[in-house]
Amino acid sequence: MTAPAPSATAHHDALIDLLPPHFRFGAATSAFQIEGATAEDGRTPSIWDTFCRVPGAVDNGDTGDVACDHYHRMPEDVALLAALGLDTYRFSVSWSRVQPHGRGPVNPAGIGFYDRLVDELLAHGVTPWLTLYHWDLPQELQDAGGWPARDTAHRFADYAELVHERLGDRVTHWTTLNEPFCSAVLGHVEGVHAPGGRSFADGVRAVHHLHLGHGLAVQRLRSAARRPLDLAVTHLLGTSRPATGSAADREAARRADALGFRFYLDPVLRGRYPQDLVDDLAARSVEIPVRDGDLEIISSPIDTLGVNYYRSMQTSGVDENGSSTDARGIPVTRNLPHGGLPVTGLGWEVMPHDLTDLLLRISRDYPGMPMVVTESGAAYEDVPDAHGFVEDADRTAYLASHLAAVAGARSRGADVRGYFAWSLLDNFEWAYGYDKRFGLVRVDYPTQSRTPKRSALWLRDTAHRVRGGAPG
């Protein structure tokens with residue numbers, strides 16, 4: 001691999017060097033974004049296969065049909081991961097590959113792929129960190145009602161048990177769901193992710209049933225465990241601050257915090273939904289479909305909270321015309337950029353200081369819950385040289401500042417035990433298709449060649465330094 005350049009991130013090193021030698025350094029991916037082989041070995045369509053065929057849903061009409069061809073190149077990718085000195089790999093399992101109809105028996109060929117993946121990781125000294133659901137619901141379950149339907153939670157628990165039956169003898173770290181907010185809100189309210197729905201009430205129902213599926217899966221996995229497990233759920237989180245000191249903006253920030261933060265953490269970690277959220281929903285004639293016993297299931301104890309962080313927004317309670325309600329009479333809750341900050345290739349503001357604040361808040365509000373930053377990264381306009389190498393100083397600086405933010409939170413008492421970069425590979429970036437690249441490793445899609453970027457080499461050497469070893 002190319003030798004690293006002199007560090008452009010030296011001012012972060014003092015904080016990063018406070019991390020303990022056992023701190024986890026990893027990278028994350030998801031099945032639909034990298035595997036390809038969408039119609040091979042018994043796999044059936046997921047909601048994302050369907051959504052990709054909707055005209056205009058995905059930039060350039062891109063699909064996940066080939067993606068990074070990881071299904072066929074998995075050993076090469078695991079070897080690359082290990083060569084980068086990363087000790088943990090967070091990957092997801094494709095539900096429709098393992099259980100093609102969303103119910104019924106396991107697909108031997110489908111589970112066989114993950115069986116080989118786990119063995120390959122362990123052979124390279126890399127810890128598998130398995131995520132059961134990263135947005136790719138089998139289309140047949142969507143046709144039966146999807147996440148707004150309660151039955152999907154029970155189907156998810158069955159699926160979790162099937163995966164554990166095959167992999168539970170070797171996989172210790174299990175995450176139930178990735179970012180229920182995106183599944184529920186982007187997929188059912190805003191319509192920009194699969195399945196493309198636009199119903200606020202459906203989104204609320206989906207959140208509750210995702211929570212219920214999580215809790216049922218935790219109970220099944222605990223019951224079936226043949227050895228101690230580390231069970232987790234991963235949430236996309238940020239801070240909600242009022243844009244000004246006005247009463248309208250402060251109230252909007254409270255609403256945003258209730259709907260975008262506490263809606264996800266309180267039921268899992270406190271066994272209840274926030275009363276102010278319940279009241280806000282009632283004012284919109286929407287009710288969370290809670291049944292007796294649901295919250296006890298949802299709050300089944302977990303061992304780790306996964307925190308995905310990309311950015312935070314400030315919140316205004318008035319629209320562009322100065323009105324505090326919309327045409328339906330619903331209070332305005334409008335997210336605004338802060339302004340004056342550097343931005344990524346997606347226009348997202350770079351705010352590592354808010355990651356520190358976020359981790360400290362979780363530590364304060366939900367004491368005793370260990371955390372791992374399970375996704376953190378940035379898309380930039382990568383320019384490869386003649387050899388395919390990308391000198392991505394911007395991404396390197398992003399990773400350094402956010403890793404330093406984690407170290408800063410740890411130094412102030414937050415129990416954060418790892419940092420996983422998003423993502424190992426350039427990949428299918430959902431509605432953005434293949435134009436937006438987050439990878440530590442460049443993928444040349446026509447040839448499928450892989451080339452580690454400067455950021456990958458920086459992370460490799462940083463991990464070695466923190467562990468007390470020599471650079472790779």
Where the side chain of [X] meets the backbone of [Y], is there a donor-acceptor pair that is under 3.5 Å apart?
| X | Y | answer |
| --- | --- | --- |
| Arg43 | Ser96 | no |
| Lys453 | Gly439 | yes |
| Arg437 | Val443 | yes |
| Arg250 | Gly245 | yes |
| Arg24 | Tyr419 | no |

Less than 4.0 Å between a side-chain N and a carboxylate O, is that true for Arg241 and Asp249? no
Before accepting this row, confirm whether a basic side-chain N of the pair Asp382/Arg442 lies closer than 4.0 Å to the acidic partner's carboxylate O.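 A salt bridge is absent here (no side-chain N lies under 4.0 Å from a carboxylate O).
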Between [Y] and [X], is there a side-chain heavy-atom distance shorter than 4.5 Å?
| X | Y | value |
| --- | --- | --- |
| Ser30 | Trp135 | no |
| Arg454 | Val390 | no |
| Asp392 | Tyr380 | no |
| Arg103 | Leu141 | yes |
| Ile288 | Leu281 | yes |
| Ile302 | Val218 | yes |

All heavy atoms of Trp95 vs all of Gly102, minimum pair found to be NE1-CA, 3.7 Å
Under 30°, 30 to 60°, or over 60°: which ring-plane class applies to [X] and [Y], parallel, tilted or perpendicular?
| X | Y | answer |
| --- | --- | --- |
| Tyr273 | His208 | tilted |
| Trp348 | Tyr310 | perpendicular |
| Trp48 | Trp430 | tilted |
| Phe156 | Tyr159 | tilted |
| His235 | Tyr264 | tilted |

Taken to the nearest 0.5 Å, the spacing of Leu231 CG from Thr176 OG1 works out to 8.5 Å
Distance col, row Gln142:CD vs Phe51:CZ, nearest 0.5 angstrom, shows 11.5 Å
Between [X] and [Y], do the side chains contain an N or O donor and an N or O acceptor separated by less than 3.5 Å?
| X | Y | result |
| --- | --- | --- |
| His338 | Glu349 | yes |
| Tyr398 | Ser376 | no |
| Asn308 | Thr234 | no |
| Asp444 | Gln448 | no |
| Asn178 | Thr131 | no |
| Tyr366 | Asp266 | yes |

Under the criterion side chain to side chain contact (heavy atoms under 4.5 Å, CB included), I'd like the reasoning laid out for Trp174 against Trp129: C-alpha separation, chi angles, the key distance, then a yes or no. CA-CA 6 Å; Trp174 295 75; Trp129 192 288; over 6 Å; no
- prompt: Are Arg205 and Phe200 in a cation-pi setup, meaning NZ or CZ lies under 6.0 angstrom from the ring centre and within 45 degrees of the ring axis?
  reply: no
May I ask you to establish whether Arg410 and Phe23 are in a cation-pi arrangement, using a distance under 6.0 Å from NZ or CZ to the six-membered ring centre and at most 45° from the ring axis?
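Verdict for Phe23: no cation-pi partner in Arg410.
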field: side chain to side chain donor-acceptor pair (under 3.5 Å) evaluation trace for Ser312 with Asp354
entry: CA-CA 7 Å; Ser312 292; Asp354 262 30; 3.2 Å; yes
Arg97 and Thr44: side chain to side chain contact (heavy atoms under 4.5 Å, CB included), yes or no, with the steps?
CA-CA 7 Å; Arg97 195 181 294 286; Thr44 58; over 6 Å; no
Given the options Ile16, Leu355, Val373, Val466, Leu403 meets side chain to side chain contact (heavy atoms under 4.5 Å, CB included) only with Ile16
